[in-house]
Amino acid sequence: MVAYLVASIDVLDPERYEEYKRTASASIAAHGGKYLVRGGRVVVLEGQWQPKRFVVVEFPTVQKAKDWWDSADYLGPKRIRQSCAETDMIIVDGVADMA
């Protein structure tokens, strides 16, 4: 079952974050992930949540997403992101095929 990594990111150092974006993409692709949402405009319909930057990445499984998170190839980009942004990040199961 597919899984989605969902992140709300407050970028504190935009120049350094650009470096993160350049380096993180290859590690995500190497673990079967693909961006579905990467920044862009957020329209709040209800509630108090005001994400500044919103990212959704699809992975083949929760385990693949966890493997990416723990991988050696993501270690460098992760450190960059953690040094220049505040992030809330989760992994959630997708909907099982109902057909």
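This structure is a prediction, so every number in the text was calculated from the model and none was measured.
Applying the side chain to side chain contact (heavy atoms under 4.5 Å, CB included) rule to T87 yields the partners A7, I9, R81, A85, M89; only residues at least two apart in sequence or on another chain are considered. Annotation: side chain to side chain contact (heavy atoms under 4.5 Å, CB included) contacts of A24 (sequence neighbours excluded): Y20, Y35, Y74, P77.
When hydrophobic residues (I, L, V, M, F, W, Y) are linked wherever their side-chain heavy atoms come within less than 4.5 Å, the members clustered with W49 are V2, Y4, V6, L36, V37, V42, F54, V56, I90, V92. Grouping Ile, Leu, Val, Met, Phe, Trp and Tyr residues whose side-chain heavy atoms lie under 4.5 Å apart, directly or via other members, places L45 in a hydrophobic cluster with V43.
Using a 4.5 Å heavy-atom threshold, the side chains of H31 and W69 count as separate.
Interatomic distance, OG1 of T23 versus CG of L75, reported as 11.0 Å (0.5 Å rounding).
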Run the side-chain donor-acceptor check on residues 59-68: report pairs under 3.5 Å with partners two or more places apart or on a different chain.
| unit_1 | atom_1 | unit_2 | atom_2 | d |
| --- | --- | --- | --- | --- |
| T61 | OG1 | Q63 | N | 3.4 |
| T61 | OG1 | K64 | N | 2.9 |
| Q63 | NE2 | D67 | OD1 | 2.7 |
| W68 | NE1 | S27 | OG | 3.0 |

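Screening residues 29-45 for salt bridge (Lys or Arg N to Asp or Glu O under 4.0 Å), with sequence neighbours left out, gives K34-E58. For residues 1-22, the pairs satisfying salt bridge (Lys or Arg N to Asp or Glu O under 4.0 Å) are D10-K52, R16-E19, E18-K21, with sequence neighbours left out.
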